[in-house]
Trainee: 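Right, I'll just put the structure down here and ask away after.
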Amino acid sequence: MSKKNPLKRSWAEPFKIKVVEPIRMTTRDHREKAIKEAGYNSFLLKSEDVYIDLLTDSGTNAMSDRQWAGMMVGDEAYAGSKNFYHLEDNVKKYYGMPHFVPTHQGRAAEHIISQILITPGDFVPGNMYFTTTRLHQEMAGATFVDVIIDEAHDPQNEHPFKGNIDLQKLEDFIDKVGAKKIAYVFMAGTVNMAGGQPFSMKNLKEVQAVCEKHGVRLWFDATRACENAFFIQEKEERYQDKTITEILKEMCSCFEGIWVSAKKDLLVNIGGFLATKDEKVYEKARNMVVVYEGLHTYGGLAGRDLEALARGIEEMVEYDHIRARIKQVEYCGVELEKYDIPLVKPFGGHAIFLDAKKILEHIPMNEFPAQTLVAEIYMDSGVRTMERGVVSAGRDAETGEHKYPELELVRMTFPRRVYTQAHIDVTVESVAAIFADRKSIKGLKMVYEPEYLRFFQARFERIV
Ligand SMILES: *Cc1c(COP(=O)(O)O)cnc(C)c1O
């Protein structure tokens, strides 16, 4: 379908369902027990105890019949699998990057690029942090510096491109520490921690100019590049008549290289890669991948996974697909707004974010309002969501105190091509019921805290 639809018809899923996976509705009693056993951490729940799973859109995608057919033509040779070459062709064709190595998922690519580009003591400015990205930058000895525009930290601000970099902040920082101390600048597509917010092509070109002026490398976390491209097409006048494929290619052309978690945009269940125009970086990456992932023609993935990934790239850029994906998320937001539930605006590309700080304003930050809200939603309906706030932010390396981000959010993330509008209606009803009864809710205390990425494994108890 073309983008300009004179009849203004609603979107619908551009597929019909061929295989179904039954899901189970449980009792409130069962769920109270389950979440207690899970230490009030939704990451520790068993998937079988979950009714509608909005924990993450990472690796939870439904593959197409075409991708499943591709799994059957997996070439499981140790070296030089034909599926690798299909994927390599598509990375060139759709991302415009001549050199690439596959990895088993995104963080493996982050590890490799951080080790290659960072010298201990360096700085890495970017448009807000992401958990695994920042951790790998820090483990390589760098300090992450947030140079996103201020609007991104304000959940009510309706700026259309809250993923933009503040050019003044970036310039000032480069002037302060000197270009030599900047390992690279990076931009992420539809910034997760800001609520799935895109950057504009205009901002990207301006950032590119600043980096070129100072001779600083510019890299792209292209995990959600396709969602970002859709927003550019929707919101940026000049791009209305360009295809998603054209926009994606133009975005990528501004960067020296990209890292990707294929578990998001690319419609598969596992995979990732690193791709670049820089031959020297490629040579190092190809060497490191052998140490950490496997030979550079499989990078920790089976041949069949490489094939599903190659075909996923072809499907992710289809307009009807990306439109239905993003409009489904928007539908959830629009329905929740009818109950006046505080949400991050504008609605993001992959998720709706509940403003837990506002919803549970009687719960202090050190009693984890967002973590609490996640547990309450689960107990009410079996819908699994996740925390994006104090628990995710971790502790300050120097003071050992909790980092208190301005955004204390619950993320309801939509797996691609998995749930229907009716699932969303049920979810909205549950959140609305909790919102109506919010004053009676009490917070949590943390009773176990792992050293790294604590949100995955931390345990809590209810405050009575
Ligand atoms: C998921 C994600 C990553 C990490 O990728 P994994 O495949 O989970 O290791 C990095 N950056 C962004 C923006 C992501 O969404």
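Keep in mind that this is a model prediction, so the values were computed, not measured. Just follow the structure's listing: the first ligand is 1, and inside any ligand the first atom is 1.
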Trainee: Can you see whether Glu314 engages His86 through a side-chain donor-acceptor pair at a distance of less than 3.5 angstrom?
Mentor: yes
Trainee: For atom 7 (O) of ligand 1, what's the nearest protein heavy atom and its distance?
Mentor: Ser261 OG, 2.6 Å
Trainee: Using a 4.0 Å cutoff against the non-hydrogen atoms of Lys263, which atoms of ligand 1 qualify?
Mentor: 7 (O)
Trainee: Tell me which protein heavy atom sits closest to atom 1 (C) of ligand 1, plus the residue, atom name and distance to 0.1 Å.
Mentor: Lys264 NZ, 1.5 Å
Trainee: How close do Asn228 and Gly189 get, counting heavy atoms only, and between which atoms?
Mentor: OD1-CA, 3.5 Å
Trainee: Looking only at distances, please establish whether an N/O atom of ligand 1 is found under 3.5 Å from an N/O atom of Arg107.
Mentor: yes
Trainee: Under a 4.0 angstrom heavy-atom cut-off, which atoms of ligand 1 come close to Glu110?
Mentor: 10 (C), 11 (N)
Trainee: Decide whether Glu138 and Tyr452 meet the rule of one side-chain donor and one side-chain acceptor closer than 3.5 Å.
Mentor: no
Trainee: To the nearest 0.1 Å, how far is atom 6 (P) of ligand 1 from its closest protein heavy atom, and which atom is that?
Mentor: Gln105 NE2, 3.3 Å
Trainee: As a quick check of understanding, evaluate ring pair (Phe, Tyr, Trp, His ring centres under 6.0 Å) for Phe130 and Phe186, giving each step before the final call.
Mentor: CA-CA 11 Å; Phe130 182 73; Phe186 80 96; 9.9 Å; no
Trainee: What protein heavy atom sits nearest atom 3 (C) of ligand 1, and how far off is it?
Mentor: Phe130 CE2, 3.5 Å
Trainee: Under 4.0 Å from a heavy atom of Arg224: give me the atoms of ligand 1 that qualify, with their elements.
Mentor: 15 (O)
Trainee: Numbering the atoms of ligand 1 from 1, which are under 4.0 Å from a heavy atom of Thr132?
Mentor: 3 (C), 4 (C), 10 (C)
Trainee: Please tell me whether His402 and Phe368 form a close aromatic pair, meaning their ring centres lie under 6.0 Å apart.
Mentor: yes
Trainee: Please write down residue, atom name and distance for the protein heavy atom closest to atom 12 (C) of ligand 1.
Mentor: Asp221 OD2, 3.4 Å
Trainee: Check the pair Tyr419 / Phe414 against ring pair (Phe, Tyr, Trp, His ring centres under 6.0 Å), numbers first and verdict last.
Mentor: CA-CA 8 Å; Tyr419 292 116; Phe414 296 90; 8.0 Å; no
Trainee: Show the numbers, then the answer: is there a ring pair (Phe, Tyr, Trp, His ring centres under 6.0 Å) between Phe84 and Phe100?
Mentor: CA-CA 10 Å; Phe84 168 82; Phe100 121 102; 5.4 Å; yes
Trainee: Judging by distance only, is a nitrogen or oxygen of Gly106 under 3.5 angstrom from one on ligand 1?
Mentor: yes
Trainee: Any ion pair linking Lys242 and Glu236 (charged N to carboxylate O, less than 4.0 Å)?
Mentor: no
